[in-house]
J.: 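Sharing a structure here in structure tokens format.
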Amino acid sequence: MPLLADVAVPVPLSQAFTYEVPAALAGEVRPGARVLCEFHRRKLLGVVLAVSERSAAIDPSKIKPLAALVDARPALPAELLSFLQELAAYYFAPIGEVLRLALPAIEREQVRALKAQGELGGVLDLGRAKQVGGRKVAYASATDAVEEPGTLRGQAAAVLALLRANGEQPVARLEERYGNARSALKKLAERGLVALDEREPPRDPFFRLPEERDVPPELNPAQAEAAARIDAALAALSAPGRAAPSAPGGAEARGAAPREPRPAGPSAFLLFGVTGSGKTEVYLRAIKSCLDRGRGALVMVPEIALTPQLVARFRARFGDELAVLHSGLSDADRHAMWASLHGGKVRVAIGARSALFAPVPDLGLILVDEEHDGSFKQEEGVRYHARDMALLRAHRAGAVCVLGSATPSIESVALVRRGKLVELRLPERAHREASLPEVTLVDLRRFGAGPSGDPLISLPLHRALERTLAAKEQAILFLNRRGFAPSVVCGSCGNLTTCSACSVALTYHRGRRRDARPQAPAGAPAPGPAAPLDERPQGGLLRCHYCDYAGPLPERCGSCGSRTLLLEGLGTERLEATIAASFPEARVARLDRDVAGKDRSQAILARMREGKIDILVGTQMVTKGHDLPNVTLVGVVNADAALGLPDFRAAERGFQLLVQVAGRAGRRDRPGRVLIQTRNPEHPAIAFAAAHDVPGFLDREIRDREEVGYPPATRLALIRIDAVDEGVGRGAAARLAAHARTCPDGLARRVEVLGPSAAPIARLRGRYRFRVLLRARERGPLRGTLAALTGLMRDGIDRNARVIIDVDPVAML
DNA sequence: AGCACGCCGACT
DNA sequence: GTCGGCGTGCTC
Ligand SMILES: [Zn+2]
Ligand SMILES: [Zn+2]
């Protein structure tokens with residue numbers, strides 16, 4: 001019988017493909033290793049899922065041999081590989097696409113080896129596999145030798161002076177400044193004045209920054225209790241019968257099978273602690289006890305929480321034992337991090353969503369901080385939820401999982417109630433005597449506009465800002481809308497300016513004031529009630545927040561030709577301008593995606609911390625990050641915006657946002673104040689947030705969900721259909737819905753089929769969008785229906801329609 | 001997804 | 001006459 005390998009290839013197909021293992025590779029091809037294989041007239045990089053001696057299940061004449069082995073040591077350890085396969089099955093995602101999420105770049109060394117085997121001749125098609133490493137860089141440094149005075153001129157002299165002043169430099173850097181650097185260096189080297197060296201450049205500075213180690217602080221009783229419970233779980237899972245921690249290189253030798261009989265006792269926790277209750281210290285202790293037991297740990301945080309300050313805190317405890325995985329990493333740095341974990345040199349990884357796939361050696365602990373955060377759900381490609389999958393990966397690896405939050409997700413609370421998670425509470429703020437901020441609701445139906453004239457800056461908010469400024473304290477104004485004005489409306493006919501590719505209103509962005517160019521005389525719209533004289537558009541842009549469209553503000557209404565275009569509504573840009581005008585003596589700044597990339601936002605928050613800003617206006621971005629101790633006032637400008645969305649999670653998200661933003665008021669010794677502006681003060685999300693009653697809200701929300709039959713009371717899968725042609729999309733959606741209704745689980749009403757219907761955003765990037773929602777009490781029937789639909793998707797659906805299965809959808813828009 | 005093969009319109 | 005449009009079939 002031939003030696004056959006199941007290989008996943010990077011194509012959107014759910015099956016693996018069978019290849020024959022050539023005799024020469026017989027002992028070396030192992031699960032998790034990447035291989036080069038011919039697939040439908042091209043050469044692809046695949047991953048071996050399994051190897052066995054057996055007779056082929058398909059026509060043996062179709063089976064091709066593997067072309068080459070890429071990894072001597074499997075790139076994916078057994079634990080990761082089997083986890084990824086289960087993830088693919090759970091989300092009905094093609095196995096090749098899922099594996100791609102976890103694969104490292106290819107090392108240049110490996111490419112060289114393949115070329116030597118003659119496998120990469122001509123068409124070097126490794127798909128999107130990035131190449132990395134093996135790149136040597138030339139460095140030059142001055143020696144101690146001294147030249148005879150006056151013998152050096154021009155660039156040679158300049159280069160030597162620079163090297164003497166600044167120490168060793170990459171030759172490439174010198175060439176940027178001195179065109180002749182290379183020949184000058186050669187001459188200098190011949191005379192012994194300069195030493196040349198070639199070596200691989202150093203990796204990410206994260207790696208080598210020497211960091212002062214901190215001394216673990218005393219824990220308060222609640223922290224100590226939580227840490228002890230986690231430690232006990234780690235002890236139980238790491239104890240008898242477990243193999244000793246493996247040496248580097250040995251990890252993948254063990255089978256993928258789940259660890260020996262799982263000991264009883266809790267292994268997954270919900271750490272429920274208010275802001276400032278010291279969750280991070282509990283995490284640090286948990287990681288320490290995990291490492292002490294010889295196992296690795298993985299920490300996941302929302303992308304925007306992965307700040308230098310947070311990393312510094314982990315680094316202060318674990319030094320070099322920490323790999324940081326973030327989006328700003330170059331391919332080379334990312335690969336270096338990956339390799340350090342894979343090789344067992346580093347055993348702790350911290351990162352955002354994608355860190356879920358980090359090859360942490362002998363994984364013993366996964367921490368998910370701010371587990372309620374929506375950014376853990378990937379909303380494109382493989383639509384996985386990193387928090388849910390963290391629970392799965394931990395379970396499979398025999399590891400402990402800790403989800404932490406000040407405002408736990410309803411899903412996690414439901415898991416606690418079903419006994420799947422053990423709740424650990426940190427009830428008080430750890431080492432600050434600060435009391436909870438006082439929350440005032442401002443009913444916008446009763447309070448009109450303050451002196452600024454904008455109805456969303458009410459008199460109470462205006463007065464509160466005045467008082468804060470007078471006390472030399474700081475304020476944050478939270479408004480979850482970027483841009484200047486969220487809509488542009490014709491003053492004559494009421495026509496709303498929309499994106500030509502999407503069915504959404506375009507947002508007017510003024511951009512920086514300095515950029516404002518005078519408009520053609522006839523072009524300036526007459527000032528209307530929504531566009532006061534000093535805010536007339538000058539050189540701003542209309543932008544679509546859902547596609548890349550950006551264009552000038554039209555001079556005339558696209559519908560009736562009128563010149564009276566009104567800028568309606570309030571975005572952060574306009575709020576900043578209005579506040580600055582109302583409080584001319586205050587230093588006002590703005591923090592949102594438009595003003596700040598990752599580094600800029602850190603800089604703005606730093607300026608805030610240094611007291612160089614009085615009022616900070618911004619979106620979600622003002623919500624996360626390090627303490628801002630002098631902030632005593634937080635204004636939520638429009639609490640209703642988040643609550644009105646057509647999404648069953650709107651209340652939950654609104655509540656989380658309110659609690660989180662309110663947590664920014666009054667840390668340290670100062671009591672804080674929170675003003676929430678709303679037209680709906682009785683809304684539970686607002687009322688419970690105002691009362692600081694998180695358990696109360698969770699309780700009520702979980703009952704509401706049961707009543708309306710939404711998760712966690714039921715399970716959902718959203719079938720997203722889109723097509724350039726509206727009819728094609730609608731037709732595909734109708735077929736899918738009909739098929740779902742007539743499959744056995746649909747007929748038996750074990751699965752409820754809602755739709756087809758147009759998506760709330762009916763057109764996006766030029767594609768018409770439809771959906772079918774599947775709802776079931778049990779997961780089994782839901783999966784059965786989805787399986788039936790994937791069958792239909794293979795042949796019964798117009799190829800111009802795109803169909804995406806979204807299991808456990810989060811964003812319902 | 002890619003990448004072939006195949007069968008109908010307007011171009012040298 | 002052919003160049004090229006993209007409908008559809010298949011990939012171990
Ligand atoms: Zn009009
Ligand atoms: Zn658009």
Side-chain angles (χ1 to χ4, degrees), chain A residues 1-26 29-70 81 84-85 88-89 91-103 106 119-130 378 380-384 720-729 731-732 735-736 765-767 789-806:
Chain A
M1 281 193 290
L3 188 58
L4 299 179
D6 292 324
V7 177
V9 287
V11 292
L13 299 169
S14 50
Q15 335 98 38
F17 292 84
T18 308
Y19 285 84
E20 189 183 339
V21 181
L25 296 175
V29 173
R30 282 183 285 166
R34 288 172 294 182
V35 289
L36 213 52
C37 50
E38 197 180 313
F39 184 79
H40 203 214
R41 283 170 277 241
R42 48 206 156 122
K43 210 163 255 181
L44 294 178
L45 194 58
V47 176
V48 177
L49 300 179
V51 189
S52 64
E53 219 165 330
R54 68 195 136 118
S55 51
I58 58 161
D59 176 5
S61 68
K62 285 186 157 181
I63 295 180
K64 294 174 180 162
L66 293 175
L69 177 66
V70 176
L81 182 65
L84 289 162
Q85 288 179 84
Y91 288 108
F92 290 85
I95 181 66
E97 311 261 285
V98 171
L99 292 173
R100 197 153 62 188
L101 297 170
L103 283 177
I106 269 210
E119 285 301 340
L120 256 43
V123 260
L124 174 77
D125 180 21
L126 290 174
R128 273 131 296 186
K130 301 254 174 56
Q378 173 131 70
E380 58 187 21
V382 182
R383 303 175 83 101
Y384 64 93
R720 304 167 176 271
I721 303 105
D722 66 33
V724 175
D725 184 276
E726 188 175 6
V728 167
R735 292 213 62 175
L736 287 159
R765 291 175 180 272
R767 301 179 73 92
L789 290 184
T790 55
L792 181 69
M793 283 159 60
R794 269 195 295 274
D795 46 2
I797 293 292
D798 190 319
R799 278 165 60 122
N800 293 309
R802 183 167 56 186
V803 182
I804 295 162
I805 292 177
D806 192 351

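Within every chain, numbering begins at 1; the chains are lettered A, B, ... in the order of the sequence lines, protein sequences first and strands thereafter.
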J.: Just the rounded figure in Å: distance from C1' of C/dC10 to CG of A/Asp795.
T.: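 So the CG-C1' distance, A/Asp795 to C/dC10, works out to 13 Å.
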
J.: Rounded to whole angstroms, how far apart are CD on A/Glu97 and P on B/dA1?
T.: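 Rounding to the nearest Å, CD of A/Glu97 and P of B/dA1 are 8 Å apart.
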
J.: Output the residues of residues 46-55 of chain A in contact with DNA chain C, where contact means a heavy atom of the residue under 4.0 Å from an atom of the strand; sort by number or write none.
T.: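 Within residues 46-55 of chain A, no residue comes under 4.0 Å of DNA chain C.
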
J.: Which part of the nucleic acid does A/Glu20 contact within heavy-atom distance under 4.0 Å: base, sugar-phosphate only, or nothing?
T.: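 Since no nucleic acid heavy atom lies under 4.0 Å of A/Glu20, the category is nothing.
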
J.: Using the side-chain heavy atoms of A/Val11, tell me which of these nucleotides is nearest: B/dA1, B/dC3, C/dT11.
T.: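 Comparing B/dA1, B/dC3, C/dT11 against the side chain of A/Val11, the answer is B/dA1.
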
J.: Atom CZ of A/Arg799 and atom C1' of B/dA4: how far apart are they, to the nearest Å?
T.: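 Computing the A/Arg799:CZ to B/dA4:C1' distance gives 11 Å.
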
J.: Any chance you could measure A/Leu13, atom CG, to A/Glu97, atom CD, to the nearest 0.5 Å?
T.: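 Reported value, rounded in 0.5 Å steps: 9.0 Å.
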
J.: When all nucleic acid strands are considered with a 4.0 Å heavy-atom cut-off, which category describes A/Ile58: base, sugar-phosphate, or nothing?
T.: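 Contact class for A/Ile58: base.
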
J.: Rounded to the Å, how far apart are A/Phe39 CZ and C/dC12 C1'?
T.: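 Roughly 7 Å, once rounded to whole Å.
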
J.: Using a heavy-atom cut-off of under 4.0 Å over every strand shown, decide if A/Tyr19 touches base, sugar-phosphate, or nothing.
T.: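 If one applies the 4.0 Å heavy-atom cut-off, A/Tyr19 turns out to touch the sugar-phosphate alone, with no base involved.
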
J.: Give one of base, sugar-phosphate or nothing for A/Leu13, where a contact means two heavy atoms less than 4.0 Å apart.
T.: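 Base contact.
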
J.: What is the distance, to the nearest angstrom, from the CD atom on A/Glu38 to the P atom on B/dA4?
T.: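 After rounding, the reported distance stands at 12 Å.
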
J.: Rounded to whole angstrom units, what separation is found between the CD atom of A/Gln15 and the P atom of B/dA1?
T.: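 One finds 14 Å between P of B/dA1 and CD of A/Gln15, rounded.
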
J.: Take the protein atom CD1 of A/Ile63 and the nucleotide atom C1' of C/dC10, then report the distance between them rounded to whole Å.
T.: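 Value for this atom pair: 17 Å.
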
J.: Determine the sole option in A/Val29, A/Leu4, A/Val35, A/Val7 for which the side-chain contact (heavy atoms from CB on, under 4.5 Å) test with A/Val21 is passed.
T.: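 Result: among A/Val29, A/Leu4, A/Val35, A/Val7, A/Val29 is the only option passing the side-chain contact (heavy atoms from CB on, under 4.5 Å) with A/Val21.
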
J.: Given atom CZ of A/Arg794 and atom C1' of C/dT8, what is their separation to the nearest angstrom?
T.: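 The answer, rounded to whole Å, is 16 Å.
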
J.: I need the minimum non-hydrogen distance between A/Ile95 and A/Ser14, along with the two atoms involved.
T.: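 Smallest heavy-atom distance, with atoms named: CG2-O, 3.6 Å.
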
J.: Exactly one of A/Arg383, A/Arg720, A/Met793 should register a side-chain contact (heavy atoms from CB on, under 4.5 Å) with A/Ile805. Which one does?
T.: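 Only match with A/Ile805 under side-chain contact (heavy atoms from CB on, under 4.5 Å): A/Met793.
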
J.: Taking only the side-chain heavy atoms of A/Arg42 (C-beta and beyond), determine which of B/dA4, C/dC12, B/dA1 contains the nearest atom.
T.: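 So the side chain of A/Arg42 is nearest to B/dA1.
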
J.: Hey, is the main chain of A/Ala67 close enough, under 3.5 Å, to the side chain of A/Tyr19 for a donor-acceptor pair?
T.: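 Not at all, since once roles are kept as given, no pair shorter than 3.5 Å links the two residues.
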
J.: A/Leu101 vs A/Gln378, test: side chain to side chain contact (heavy atoms under 4.5 Å, CB included). Steps then yes/no.
T.: CA-CA 11 Å; A/Leu101 297 170; A/Gln378 173 131 70; 4.1 Å; yes

J.: Output the distance between atom CD1 (A/Ile721) and atom CG (A/Asp798), rounded to the nearest 0.5 Å.
T.: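 Interatomic distance, A/Ile721 CD1 to A/Asp798 CG, rounded to 0.5 Å: 12.5 Å.
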
